[in-house]
Amino acid sequence: MSRLNAATVARNATDTETNLMSGLAKAWFNIDADPAISEIASFNVTSYTDNAVGDYTATYTNAMSSANYTAFAAGRMGTNGTNTTVCALNNSALPFNAASMRLRQAATGSGAGGNSDEDSHCGMAMGDLA
Amino acid sequence: MIDLRKYLSGDDLAAYEEYIGLRARAWREGWHHWHRIAQARDRLEPVEVGHAIPYTRPGDPDGGMSICHPSGWCVAELMAGGIHPPIGAILGQRLLLIAKNGEHAVVDYVDAEEWRRLNGPIKYEVVVDNRRAHTEKAGPMTYEQAIEWIVFKDVPSAVWSFNHNRPQFAIVPRSAIPSDRSNRNAWRLADFQMEQTA
């Protein structure tokens with residue numbers, strides 16, 4: 001099997017800056033929120049805010065260029081087997097701010113009983129940086 | 001996409017055009033703020049953060065309390081110095097906010113949350129000037145200074161920028177945060193302040 005060792009990867013002359021910039025994850029995190037938020041690993045995140053049960057905000061260190069980017073969130077399934085994590089932002093038509101994303105661990109399915117704190121939540125943002 | 005020139009004029013438009021050019025150059029030449037964070041991520045270990053910042057929004061006194069938990073990596077980067085800009089560069093970042101009701105304004109980052117709260121649902125939001133974050137670097141900080149930097153950046157300015165008739169936030173040891181979250185949504189700042197002075 002061949003092996004490639006390289007300290008840097010040079011840009012092809014035909015590549016554009018935009019493609020290189022857009023193809024990278026700009027921020028990501030993995031936190032444990034039960035019983036209190038503790039950070040497992042992250043990149044480009046300043047802090048996590050515990051807003052309420054199952055409701056957290058991750059704030060980016062270097063913000064995105066606008067609120068028109070994409071973010072993903074996931075969480076460990078709760079003990080009742082019905083929880084799912086969604087991205088949301090209160091009081092706004094936008095799913096995210098340029099500088100943060102808010103995620104909620106919401107119970108779904110039969111027996112749904114509101115938000116819950118779980119021991120693993122993660123999120124990632126992709127798009128253009130400010 | 002919207003035409004930002006419909007909303008920007010004069011100094012705001014000139015600053016935006018200069019910023020777009022500088023940001024592209026920063027990315028191409030590898031000195032974008034994000035590059036500095038990426039390089040630091042490879043060489044720094046996270047700091048164990050022993051404090052959290054519970055706070056209450058003055059505009060929502062009956063709402064629940066929020067608790068800000070600083071990132072150990074960000075604290076390590078601030079303590080190392082030369083990676084993040086001074087807090088003034090972050091707070092002075094300019095945003096164009098367009099509300100669903102048609103109102104729009106160019107505001108500083110430090111005022112953005114309050115503008116969003118007063119003007120309701122936001123339709124469009126874009127950073128129109130972030131030059132200083134790329135060109136300025138803060139020196140090494142102590143742990144306490146790093147926590148303060150994060151408070152100013154991530155705790156809404158309405159919490160810390162005005163005089164209130166009672167404290168709206170506290171910096172407390174993480175041990176003051178209850179491990180039992182069964183009554184989480186009923187927590188109040190006063191509970192933590194008692195812990196702080198106990």
Side-chain angles (χ1 to χ4, degrees), chain A residues 8 11 16-18 20-21 24-29 31 33-69 89-100 114-117 128-130, chain B residues 1 19 23-24 27-28 32-34 36-38 41 46 49 52-55 63-74 77 83-84 90 93 95-96 99-100 109 112-113 116-117 120-127 130 133-134 149-151 153-155 174 177-181 184-185:
Chain A
T8 59
R11 218 173 34 249
T16 66
E17 296 296 336
T18 302
L20 281 173
M21 189 172 180
L24 301 170
K26 299 309 189 309
W28 56 264
F29 60 88
I31 57 173
D34 184 22
I37 289 180
S38 63
E39 183 179 49
I40 298 168
S42 76
F43 172 64
N44 191 24
V45 174
T46 310
S47 72
Y48 312 90
T49 299
D50 168 4
N51 303 302
V53 171
D55 181 344
Y56 323 103
T57 299
T59 307
Y60 312 129
T61 312
N62 186 161
M64 307 302 284
S65 64
S66 75
N68 291 3
Y69 62 97
L89 183 68
N90 271 0
N91 194 29
S92 173
L94 291 172
F96 328 112
N97 279 344
S100 66
N115 295 350
S116 67
D117 301 305
D128 294 333
L129 289 161
Chain B
M1 288 293 288
Y19 158 60
R23 186 181 67 182
W27 186 266
R28 190 169 56 245
H32 193 285
H33 181 201
W34 188 86
R36 303 199 300 264
I37 299 169
R41 186 63 169 67
V49 179
I53 304 103
Y55 63 90
M65 192 190 65
S66 296
I67 306 170
C68 174
H69 294 269
S71 159
W73 268 276
C74 186
E77 290 154 11
I83 299 162
H84 299 310
I90 299 282
Q93 179 189 88
L95 292 124
L96 167 65
K100 285 191 82 174
Y109 174 91
E113 172 148 332
R116 290 188 198 101
R117 188 181 73 79
I122 302 293
K123 183 179 178 185
Y124 195 78
E125 171 176 326
V126 60
V127 177
N130 192 32
H134 302 308
W149 190 96
I150 291 172
V151 169
K153 179 180 174 298
D154 290 355
V155 174
R174 277 179 59 88
I177 309 295
S179 57
D180 179 358
R181 289 176 66 85
R184 163 65 184 87
N185 294 348

NZ/NE/NH1/NH2 to OD/OE distance under 4.0 Å, R184(B) and D50(A):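 D50(A) and R184(B): salt-bridged.
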Which atoms of A38(B) approach chain A - backbone, side chain, both or neither, heavy atom under 4.5 Å: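 For A38(B), the contact with chain A is made by backbone and side chain together.
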Atom group of R174(B) that falls short of 4.5 Å from chain A, counting heavy atoms: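 Only the side chain of R174(B) comes within 4.5 Å of chain A.
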First locate atom [atom1] of [X], then atom [atom2] of [Y], and finally report the distance between them rounded to the nearest 0.5 Å.
{"X": "I37(B)", "Y": "T46(A)", "atom1": "CD1", "atom2": "OG1", "answer": "7.5 Å"}
{"X": "I53(B)", "Y": "T49(A)", "atom1": "CD1", "atom2": "OG1", "answer": "8.5 Å"}
{"X": "I150(B)", "Y": "T59(A)", "atom1": "CD1", "atom2": "OG1", "answer": "10.0 Å"}

Can you tell which part of [X] gets under 4.5 Å to a heavy atom of chain B, answering side chain, backbone, both or neither?
{"X": "F29(A)", "value": "neither"}
{"X": "D117(A)", "value": "side chain"}
{"X": "A41(A)", "value": "both"}
{"X": "T57(A)", "value": "neither"}

Which residue out of [options] racks up the most heavy-atom pairs below 4.5 Å with chain A?
{"options": "P54(B), P178(B), G64(B), S179(B)", "value": "S179(B)"}
{"options": "D154(B), V126(B), L95(B)", "value": "D154(B)"}
{"options": "A99(B), S71(B), P46(B)", "value": "S71(B)"}

Validation row: H134(B), N62(A) side chains within 4.5 angstrom (heavy atoms):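 Side chain of H134(B) against side chain of N62(A), heavy atoms only: contact under 4.5 Å found.
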Side chain proximity check, I31(A) to H69(B), heavy atoms < 4.5 angstrom: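 A side-chain contact is absent here, since even the closest heavy-atom pair is not under 4.5 Å.
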For the backbone of [Y] and the side chain of [X], can you confirm whether one donor and one acceptor N or O come within less than 3.5 Å of each other?
{"X": "R41(B)", "Y": "S42(A)", "value": "yes"}
{"X": "H33(B)", "Y": "A63(A)", "value": "no"}
{"X": "W34(B)", "Y": "K26(A)", "value": "yes"}
{"X": "H32(B)", "Y": "A130(A)", "value": "yes"}
{"X": "E125(B)", "Y": "A98(A)", "value": "yes"}

Heavy-atom pair count under 4.5 Å with chain B, highest-scoring of N44(A), V45(A), I37(A):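 Ranked by contacts with chain B, first place is I37(A).
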